[in-house]
Amino acid sequence: MSRLRFQPRRLLWVRWLVILAIAVIYASFVAASIASAEGPQPDPAGVVLGRGTDLAGITPGTLEPADFERAARTEPFALKLADLVNQNRLGINFMWTLVTGYLVMFMQAGFALVETGFCRRKNAMHTMMMNFMIYVIGMTGYFLVGFALQFGGVGLVGVPNLGGLGLLNREFTIPIGGVDWGLFGLKGFLLSDGTYDVAVAVMFLFQMVFMDTAATIPTGAMAERWKWSAFCIYGLFISTIVYPLFGNWAWGGGWLSQLGKVGLGSGYVDFAGSGVVHAIGGWTGLAGAIVLGPRLGKYSRDGRVNPIPGHNLIMAALGCFILAFGWFGFNPGSTLGISGNGTLRAGIVAVATMLASASGAIAAMLYTWLVNKKPDPSMMMNGLLAGLVAITAPSGFVSPLSGFIIGAVAGVLVCVSIAVLDRVFRVDDPVGAISVHGTCGFWGQIAVGIFADGTMNYGGTVVKGLIAGDVGQFVAQLIGGVVAFAWAFGASWVFFKALDAVMGMRVSPEEELQGLDIPELGQIAYPPDVEPARDAWPLPPGPAPAAGLAPTAP
């Protein structure tokens, strides 16, 4: 009967979710209908993109527009051959970006296993399904609104490895001091406003799985007490507002990336997303965990912190291996190609990534061994992930040795951060997501400004940190880290407080004690084995069954 009392309220919020979804879809269609159709036309067939003349400016052996004008007059065959060369180059880059995007998508399975393993068995289905459904809810929000806000103006900057993406040519800007500072994009809604194009589709897939990585991080920090309906609304919030806007400022040609115009190095850079993806997800999770409050029994009135162990660390360890494998898509794939413009550096990116994971796990093991007298398996896992998070932003700009150092620092930092959040600030994070992604994501952002060595050259982009003599780059990275925290934590805290006031974010104490699987989803992860009724057994061929096992006569 207690369950029936909650049913009408839940059905009410299901209706509100449907209304909200319809409103978002309608707004997206309106935005798509008013978007400008001027400029280059889309190429949904993939037969126009990749003209030879687009090779102008591509390194190495940089060609000039005059070279193609001369070839058109004297060597028309060479000009046509250049078309095929560029088609092949783009084909290689498209395939590289798509395959690495598939690897990043597979990381969703890793997150699901890690978070579910670190939680109690009575909440296993709820935790697993949050990781499952955030993928599709986040994808839908990003398709409707998020992608356009993040990358609607990136074509004004250009992405030559994917053909330029000139169709994404509308950015809302504010002119200050002679610079048009970008705030958000205005093209790409539903991939229908003149962006039905092969190159845009590749960019969408790759960037969507990055967004979903950020979106799934708070499901760990807020696990074991989060109401399902509130979680669903959150999925639309992070995929349409929080993640895309900061993503635009850093990756879409927005104002953080433009800080180089006022003398701050190359502007804020974040090669694969320590800030854009991990810090945004981590700081959003921090806001949510604070608003939700700790799990029942986590903190005693006398000040004691009570450990709540997860039910399956073997599952969590397997998830960590899957994540480490997927990170080879995350970081090397962020070159957005493997042909031209310095993208052959992807091999160094991959090596720096794997070394950071190793040093992170080893540092966490040694730290807990020293402090607790025994190495902590859960901290070894989080140390590996912390190293990967920290190297994500600098991976494209640092040496393998620097990557190893960055990962080692992260391995210790995650252990200290988890302890401080738990014992000092009383923030209950069941899986350590805030420290792994928020704290170590911030360290990764800053590490770029320290260790970037200037040896890379991505089509003219060279980044140097403090060690290479550029103080301005360090300042730009510090600004980016502070803005990521202020934006993600601030906006999310306001959102979660409002959502809590309107519909409630947390399940009832009775439901939390019972476990969320049955009250919220109606099924448990580990049901007991149930044998069928004896009168349903089929008669086996051959001799009659032994006494006591024969089926009961009807």
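Index from 1, following the sequence.
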Give a yes or no answer on whether the side chain of [X] reaches the backbone of [Y] with a donor-acceptor pair at less than 3.5 Å.
X	Y	value
Tyr234	Ala215	yes
Ser508	Glu511	yes
Asp453	Thr455	yes
Asp376	Thr368	no
Asn93	Leu162	no
Gln108	Met105	no

(message) Strictly below 4.0 Å, N to O, side chains only: are Glu512 and Arg506 in salt-bridge contact?
(response) yes
[X] side chain to [Y] side chain, donor-acceptor N/O pair below 3.5 angstrom:
X	Y	answer
Thr392	Trp327	yes
Glu224	Asn123	yes
Gln150	Tyr142	yes
Thr353	Asn331	yes
Thr335	Trp96	yes

(message) Are there over 12 heavy-atom neighbours, none belonging to Asp529, within less than 6.0 Å of that residue's CG?
(response) no
(request) Can you establish whether the number of heavy atoms outside Met208 located under 6.0 Å from its atom CE is more than 12? (result) yes
Check whether the ring centres of [X] and [Y] lie less than 6.0 Å apart, and answer yes or no.
X	Y	answer
Trp283	Phe442	no
Phe210	Tyr243	no
Phe118	His311	no

(message) Give me each pair satisfying salt bridge (charged side-chain N to carboxylate O under 4.0 Å, His left out) with a member in residues 415-443, each pair once, sequence neighbours excluded.
(response) Arg295-Asp428, Lys298-Asp422
(request) Look at the rings of Phe397 and Phe271 and say which category their plane angle falls in: under 30° parallel, 30 to 60° tilted, over 60° perpendicular. (result) perpendicular
(request) May I ask you to decide if the ring planes of Phe328 and Phe325 are parallel, tilted or perpendicular, using 30° and 60° as cut-offs? (result) perpendicular
(message) In the structure I gave you, are the side-chain heavy atoms of Leu370 and Leu366 within less than 4.5 Å of one another anywhere?
(response) no
(message) Using side-chain heavy atoms (C-beta onward) and a distance below 4.5 Å, is Thr284 in contact with Phe489?
(response) no
(message) Taking side chain to side chain donor-acceptor pair (under 3.5 Å) as the definition, give me every residue that meets it alongside Ser357, ordered by chain and number, with sequence neighbours left out.
(response) none
(request) Enter the distance from Thr116:OG1 to Phe132:CZ here, rounded to the nearest 0.5 Å. (result) 12.5 Å
(request) Could you point out which residue of Val145, Leu149, Leu245 forms a side chain to side chain contact (heavy atoms under 4.5 Å, CB included) with Thr240? (result) Val145
(message) Under the side chain to side chain contact (heavy atoms under 4.5 Å, CB included) test against Val398, which residue among Val448, Ile391, Ile450, Val463 passes?
(response) Ile391
